[in-house]
Amino acid sequence: MKGNSLNPVSFIRSRCLRLRHASSRCTKCLDVCPSDALVLAEGQIGFLAHKCIGCESCIAVCPQDCYLSNGISDKELEEEIRRKTSGKTLKISCQRIECQQENVVVNCLQRIDVSHLAQASRHGVETLELHTGK
């Protein structure tokens, strides 16, 4: 995985609507961030990289593409799920924990969505084990 555990997501501040347009009240990223990595200070969005857990919720909702993933891409994740699906159980782990080689590793388990589960099911997976971090 190409991810950077210290900075799973990059914030391109110059793209932010709140910075570029004084009348903008966009807080879509703030509304979905589960880790308090995004803050509103003096009317601007601030990104606290050290608090980011890499769930990529901000990427999904930002209308200006202010956030970039430094982790595994959707295509890479799909390939990893396909490769590591053996037998009836698929193991997916948060990168913050020690894990076994056979696990699919993601920045944050929130990264796994219904399409990934459907893909695993198509490959014969009946049981999903999620190994969480702290």
Side-chain angles (χ1 to χ4, degrees):
M1 181 166 72
K2 69 181 178 180
N4 176 344
S5 63
L6 296 177
N7 295 303
V9 172
S10 295
F11 176 52
I12 304 171
R13 190 171 186 271
S14 62
R15 291 183 183 175
C16 184
L17 281 173
R18 289 191 75 102
L19 175 69
R20 293 174 52 216
H21 302 286
S23 63
S24 176
R25 298 289 175 230
C26 181
T27 59
K28 290 180 180 187
C29 57
L30 284 169
D31 297 339
V32 299
C33 182
S35 67
D36 298 324
L38 298 170
V39 294
L40 187 60
E42 298 179 18
Q44 301 297 313
I45 303 291
F47 178 62
L48 307 173
H50 68 281
K51 289 189 172 187
C52 180
I53 60 172
C55 69
E56 300 184 1
S57 296
C58 55
I59 293 171
V61 299
C62 181
Q64 295 299 115
D65 296 323
C66 293
Y67 302 93
L68 301 175
S69 174
N70 296 327
I72 190 169
S73 71
D74 282 336
K75 186 175 181 176
E76 291 169 323
L77 178 56
E78 289 169 11
E79 177 62 25
E80 187 79 358
I81 288 171
R82 188 191 61 70
R83 270 195 358 258
K84 299 219 173 158
T85 299
S86 61
K88 302 291 182 187
T89 301
L90 176 64
K91 298 175 183 178
I92 302 176
S93 298
C94 170
Q95 76 176 10
R96 289 176 162 72
I97 65 168
E98 296 287 329
C99 63
Q100 303 158 343
Q101 278 301 96
E102 69 268 8
N103 293 14
V104 172
V105 180
V106 292
N107 285 344
C108 179
L109 292 176
Q110 287 189 21
R111 180 73 159 65
I112 302 299
D113 64 24
V114 173
S115 68
H116 301 117
L117 302 178
Q119 176 191 3
S121 178
R122 285 192 301 272
H123 291 292
V125 170
E126 294 176 0
T127 305
L128 181 65
E129 287 183 18
L130 301 176
H131 300 262
T132 63
K134 296 178 182 176

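In this chain, numbering begins with 1 at the start of the sequence shown.
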ask   = Taking only residues at least two apart or on different chains, which pairs with a member in residues 113-131 satisfy salt bridge (charged side-chain N to carboxylate O under 4.0 Å, His left out)?
value = Lys88-Glu126
task = Please collect all salt bridge (charged side-chain N to carboxylate O under 4.0 Å, His left out) contacts where either partner lies in residues 47-66, sequence neighbours excluded, each pair once.
result = Glu56-Arg111
With [X] via side chain to side chain donor-acceptor pair (under 3.5 Å) - residues at least two apart:
| X | answer |
| --- | --- |
| Ser121 | none |
| Arg82 | Glu79 |
| Arg13 | none |

ask   = So, do Leu77 and Ile112 sit near enough that their side-chain heavy atoms are less than 4.5 Å apart?
value = yes
ask   = Side-chain contact, heavy-atom cut-off 4.5 Å: Cys66 with Cys29?
value = no
remark   = For residues 63-90, the ring pair (Phe, Tyr, Trp, His ring centres under 6.0 Å) pairs (sequence neighbours left out) are Phe11-Tyr67
query = Which residue pairs pass the ring pair (Phe, Tyr, Trp, His ring centres under 6.0 Å) test when at least one of the two sits in residues 72-92, sequence neighbours left out?
reply = none
ask   = What residue pairs, at least two apart or across chains, pass side-chain hydrogen bond (donor to acceptor under 3.5 Å, both in side chains) with a residue in residues 28-39?
value = Thr27-Asp31
query = Can Glu78 and Lys75 be counted as an ion pair, charged N to O under 4.0 angstrom?
reply = no
message = Please give me the minimum heavy-atom distance between Ser69 and Ile59, naming the atom from each residue.
response = N-CD1, 3.5 Å
Show the atom names and distances, to 0.1 Å, of all donor-acceptor pairs under 3.5 Å that link a side chain in residues 38-49 to residues at least two apart or in another chain.
| unit_1 | atom_1 | unit_2 | atom_2 | d |
| --- | --- | --- | --- | --- |
| Gln44 | OE1 | Leu19 | N | 3.4 |
| Gln44 | NE2 | Arg18 | O | 3.3 |

query = Taking only residues two or more places apart in sequence, or in another chain, which ones meet Arg15 in a salt bridge (charged side-chain N to carboxylate O under 4.0 Å, His left out)?
reply = none
inquiry  = Suppose clustering is done on Ile, Leu, Val, Met, Phe, Trp and Tyr with side-chain heavy atoms closer than 4.5 Å. Which residues sit in the same group as Leu68?
reply    = Ile12
query = Which hydrophobic side chains are connected to Val61, either touching it within the sub-4.5 Å cutoff or through other members that do?
reply = Val32
key: Path from Ile92 to Val125 over hydrophobic side-chain contacts below 4.5 Å   = yes
